[in-house]
Amino acid sequence: MSTLILRLEAAPDFDVDLSGITPDALKDKRLPDIRRLKLRQGQRDMALGDLFAIDGTVGGDELEIHGACTRLHHVGAGMRAGQLRVIGDCGAWLGSEMRGGTLSVRGNAGDGVGASMRGGLIDISGSVGDYLGAPFPGAVSGMKGGTILVQRRAGRRVGDRMRRGLVVIGGDAGHGCGSQMIAGSIVVLGAVDSGVGTGMRRGTIALAQAPAGLGPGFALNGHFDLAFTQLLLRHVGGLKSAWRSRLSGIASVERWVGDAGGLGEILILS
Amino acid sequence: MKINGTFIEDTFAEAFPMKATRLIITAYNATWANHAANALTGFATSVIACGCEAGIERQLKPSETPDGRPGVAVLLFAMSNKELTKQLQNRVGQCVLTSPTSACYSGIAEGDPLPLGKTLRFFGDGYQIAKKLGPTRYWRVPVMDGEFLCEDTTRVTKAVGGGNFLILATNQAQALAASERAITAMRKVPGVIMPFPGGVVRSGSKVGSKYKTLPASTNHRYCPTLRGVVDSALSDQVGAVLEIVIDGLTAPAIDEATRVGIRAACTLGSKRGILAISAGNYGGNLGPFHFKLRQILK
């Protein structure tokens, strides 16, 4: 596989929009054309080559960004295919409106990761900010497909208004996890803050640790040994080997249902 | 050609193209997975009157199933996608959905999709839940013991139906003993089922009948009680004939099942009454798949 590599020459002291810098978008371009690609920086444009040293092979399905920093926003936004690997931290809207391919980050990411995402896989080794998998500004619903894996902590409102897809948080999740969920699945292997599932209509939130409390719209539905739970846990365990051992031995779930419409479910894995 | 003194006739089995799918049925334990699988594959011996041919392919360990519970792999064969769809809907709906603790998954990854949970979900009356994990969609249908979990679709593949061989023995007991040995060996071959009761059929048929309404009737040339009455294919020593019919996902799978089945049947040999092995065909004019016994046994 041929890989195109972008190396950040120096961390910028301004915010940069990397929309459009994806493996599928660069695949058919020549190196000089790639260097001349315009990036939005405030009210001005700048060339990709002004910010990054670009080497590697063009024409492939793989792109790497080395030395990324939190000033880089919209990394992998709108990506449709291929593999994008980011070494370093990223800013907001990573993988927003993504439709396919794999976006992996060795580092942390800011707010709005996977906003209004429709497909593909986002895999982040560190922590993320607020509104993971939530609606992109102007959109009615959050992510509509795909998978987001966060190995450490996620901020507030994970999966807000999420409609489809799977989010797995290896660490803790902040306030309002799964708020206003329309459907889809969220799995949190760490602790969750208050407001879990507030306003959710449907969808599943599976928690490895019981929350301090649930909203008044939720009622205990019972303890169940569901085939779906095992299917979900095996699927999640298959995504990260480190999670497999944490999920093994879980037999039954405490199921709570409720909130807006009464069909949202919170599974407490025990 | 002889094996242990059993004569292998220089003939072939004639088989036909079919459409097939594999389902994986899981349950709380193997007993209940088998209850569901046995019900699903019941009354599915021949497409002549059952709509499909179905059988248990093998037992599955928990590590081999999607939900980590004990399971059973079953194969269903029909003459068309339309008929297979209908049979799936009826059989899974009435035999698996109804069976305590069961879940049903596709056991084939490639091929055109056929609806499975996609249609059965409506039993949930609006309370059903769709879940997509990776590329696969599932349905969770609320039922009285919890949930029926079912994959949205299964896949259909081209397959081969009607592979067969005949065991010609001195009497019924010997024919049955050889058949049982054959079936035990053949059940270890992946990708095949023997759809008749116990894997064995005694009423081998020919195409057509003197009665116009019947599409098939008894294979009179292989009925020992008609020897001397009709142009019999049996020698004077043959007192019973049993047939093993094989449906397979591929022709090589049927080759392998035929090979191990005949070899197992022949372990009894001519001294214990297994006189000959033959096969059923229609002169080679109807089915495109020909399984030549001697070639397979080389």
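Every value quoted in this text rests on a predicted model; they were computed, and no experiment measured them. Just so it is clear: chains get the letters A, B, ... in the order the sequence lines come, proteins before strands, and each one is counted from 1.
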Q: Look at atom CZ of A/Arg85 and say whether more than 12 heavy atoms of other residues, nucleotides or ligands are closer to it than 6.0 Å.
A: yes
**Q.** Within 6.0 Å of CZ in A/Arg201, more than 12 heavy atoms from elsewhere
**A.** no
Q. Which region of B/Leu149, side chain (C-beta onward) or backbone (N, CA, C, O), has a non-hydrogen atom less than 4.5 Å from a non-hydrogen atom of chain A, or is it both or neither?
A. side chain
Q | Spacing of NZ belonging to B/Lys132 relative to CZ belonging to A/Arg164, to within rounding of 0.5 Å | A | 7.5 Å
Q: Find the one option among A/Leu121, A/Leu233, A/Leu226, A/Asp225 whose heavy-atom pairs under 4.5 Å with chain B are most numerous.
A: A/Leu226
Q: Step through the shown structure and confirm whether more than 12 heavy atoms of other residues, nucleotides or ligands are within 6.0 Å of OH on A/Tyr131.
A: no
Q.
I need the A/Phe228 CZ to B/Asp67 CG distance, nearest 0.5 Å.
A. 11.5 Å
Q | A/Arg234 side chain vs B/Pro66 backbone, donor-acceptor pair below 3.5 Å | A | yes
Q.
Can you confirm whether more than 12 heavy atoms, excluding those of A/Arg163, are under 6.0 Å from its CZ atom?
A. no
Q | For chain A, the option from B/Ala103, B/Gly68, B/Gly146 that forms the most heavy-atom pairs under 4.5 Å | A | B/Gly68
Q) Within a reach of under 6.0 Å around OH of B/Tyr28, are more than 12 heavy atoms found that belong to other residues, nucleotides or ligands? A) no
Q) Okay, side chain of B/Lys131, backbone of A/Gly184: is any donor-acceptor separation there less than 3.5 Å? A) yes
Q: Please flag which part of B/Ser102 lies under 4.5 Å from any non-hydrogen atom of chain A: side chain, backbone, both or neither.
A: neither
Q.
Show, in sequence, the C-alpha distance, side-chain angles and deciding distance for A/Thr204 and B/Arg140, and conclude whether the side-chain contact (heavy atoms from CB on, under 4.5 Å) test is met.
A. CA-CA 12 Å; A/Thr204 302; B/Arg140 299 167 58 192; 3.6 Å; yes
Q: Run the numbers on A/Leu231 and B/Tyr105 for side-chain contact (heavy atoms from CB on, under 4.5 Å), then give the verdict.
A: CA-CA 11 Å; A/Leu231 188 77; B/Tyr105 309 95; 4.0 Å; yes
Q. Should we say atom CZ of A/Arg80 is surrounded by more than 12 heavy atoms from elsewhere, each under 6.0 Å from it?
A. no
Q. When you look at CZ of B/Phe123, are more than 12 heavy atoms from neighbouring residues, nucleotides or ligands closer to it than 6.0 Å?
A. no
Q: Count the heavy atoms of every other residue, nucleotide or ligand shown that sit under 6.0 Å from CZ of A/Arg156, and state whether that count exceeds 12.
A: no
Q. In terms of heavy-atom pairs under 4.5 Å, which option from A/Ala227, A/Gly119, A/Gly146 contacts chain B the most?
A. A/Ala227
Q: Considering non-hydrogen atoms only, spot the tightest contact between A/Arg255 and B/Ile129 and give its length.
A: NH2-CD1, 4.1 Å
